[in-house]
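As structure tokens, the structure follows; a few thoughts come after it.
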Amino acid sequence: MRVVMFGFQTWGHRTLQALLASEHEVVLVVTHPKGEGAYEKVWSDSVEDLARENGVDVLVRERPEDQELLDALKAAEPDVIVACNWRTWIPPQVFALPKNGTLNVHDSLLPKYAGFSPLIWALLNDEKEVGVTAHMMDDTLDAGDIVLQRSVPVGPRDTTAVLFEKTLELFGPITVDGLAEIASGRTDFRKQDRSQASFFHKRAEEDLRIDFTWTAEELDRLVRAQCAPYPSAFCFHRGQRLEIIEADVSAEVYGGTPGRIFYREGDGVTVVAGTEARRGKSKALLVKKVRTADGTELEAHEYFKHMGGYLTSRPQ
């Protein structure tokens with residue numbers, strides 16, 4: 001089939017690699033301009049460069065709504081469009097243009113975690129598996145009929161970086177296999193159960209702020225979710241920003257006021273956490289490694305020379 005590809009960042013790059021290696025002909029690529037946002041700089045392999053290296057025409061757009069792009073799409077005469085990690089709305093005059101429609105490849109197990117940063121949100125919510133969905137695009141974002149879906153388990157100490165590597169391996173195969181389903185003439189794809197749908201916003205600075213009324217288990221997942229190369233979860237100590245870059249859940253229960261720097265345990269320092277901590281019913285966040293405001297990374301034992309005092313959500 002003749003394929004037009006809409007894609008961005010490493011997800012789009014890996015998908016385009018698979019398309020170029022497949023039996024299909026990539027006749028045009030549309031990608032976003034390089035972004036300056038923190039999350040756009042992560043996993044930023046260039047779709048544009050890969051396309052040009054392989055002699056494929058490229059259009060760079062923030063939004064695919066202008067007449068020049070529409071004319072180029074019509075001239076390309078695609079049988080199908082493939083979209084992967086496209087960050088803005090694709091209008092019906094674009095996604096419905098090919099006779100076989102548009103196959104969107106999204107990094108969650110739809111209908112859950114539509115929208116942005118699905119791996120981070122899924123890890124925060126203690127999901128036991130994550131995955132990739134290839135679905136037909138319709139008027140509602142990430143809501144079209146499911147062509148194929150594949151999953152991988154979430155390990156007990158996985159970070160978002162680990163989950164990224166696990167799911168990235170699914171993108172090429174599910175795209176090519178999804179196109180095979182479409183090329184076969186199938187149209188009886190599975191409807192999404194909208195009663196199970198959830199839609200998540202982009203991650204921002206406020207989403208990184210540590211709230212010690214969360215349980216230690218929740219905070220541990222936040223730290224793992226915001227692992228490098230993503231921006232780190234942060235709090236404040238003595239008025240200065242402090243990023244928590246490695247943590248765990250304490251072995252013992254530590255009671256008191258959330259945020260209290262309490263006790264050395266193993267290779268970390270415990271910080272009281274959870275609304276039930278005052279009743280002595282919560283484990284603590286075991287902080288193992290921090291980054292100070294000047295960018296210095298320290299083991300918790302190096303940074304916390306004395307116990308006592310508090311980590312807070314905002315400078316005090």
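With hydrogens and angles left out, the side-chain atoms of Glu129 and Ser151 include a donor and acceptor closer than 3.5 Å. Side chains of Ser108 and His106: a donor-acceptor N/O pair is present below 3.5 angstrom, by distance only.
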Between Asp193 and Ser195, does the side chain to side chain donor-acceptor pair (under 3.5 Å) criterion hold? Intermediate values first, please.
CA-CA 5 Å; Asp193 180 356; Ser195 69; 2.6 Å; yes

For the pair Glu217 and Lys283, evaluate salt bridge (charged side-chain N to carboxylate O under 4.0 Å, His left out) and give the outcome as yes or no after the intermediate values.
CA-CA 8 Å; Glu217 291 80 6; Lys283 293 192 174 183; over 6 Å; no

Report the C-alpha separation of Glu206 and Arg314 in whole Å, then their side-chain angles, then the decisive distance to 0.1 Å, and conclude whether the salt bridge (charged side-chain N to carboxylate O under 4.0 Å, His left out) test is met.
CA-CA 11 Å; Glu206 188 63 25; Arg314 300 182 185 278; 3.1 Å; yes

I'd like to know whether Asp267 forms a salt bridge (charged side-chain N to carboxylate O under 4.0 Å, His left out) with Lys288, so could you lay out the CA-CA distance, the side-chain angles of the two residues, the decisive distance to 0.1 Å, and finally the verdict.
CA-CA 6 Å; Asp267 59 351; Lys288 294 187 174 183; 3.7 Å; yes

CA sep, side-chain torsions, deciding dist, call: Asp248, Arg157, salt bridge (charged side-chain N to carboxylate O under 4.0 Å, His left out)
CA-CA 9 Å; Asp248 205 333; Arg157 299 304 303 161; 3.4 Å; yes

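For the pair Gln9 (side chain) and Val42 (backbone), a donor-acceptor distance under 3.5 Å is present.
Taking the centre of each ring, Phe95 and Trp89 stay at or above the 6.0 Å mark.
Taking the centre and axis of the six-membered ring of Trp86, the NZ or CZ atom of Arg61 falls outside the cone set by 45° and 6.0 Å.
Here the rule is ring-ring contact (aromatic ring centres under 6.0 Å, His included) with His201, and of Tyr113, Phe116, Trp121 only Trp121 fits it. Of the listed residues (Thr15, Val147, Val105), just one forms a side chain to side chain contact (heavy atoms under 4.5 Å, CB included) with Ile174, and that residue is Val105. Checked against Lys166 for a side chain to side chain contact (heavy atoms under 4.5 Å, CB included), the options Val152, Val154, Val132 give a single hit: Val152.
Around the CZ atom of Arg241, the shell of radius 6.0 Å holds more than 12 heavy atoms that belong to other residues, nucleotides or ligands.
In this pair, Tyr254 and Tyr263 present their aromatic rings tilted. The plane angle is within the 30 to 60° band.
Between Arg209 and Asp211 no salt bridge is recorded (no basic side-chain N to carboxylate O distance below 4.0 Å).
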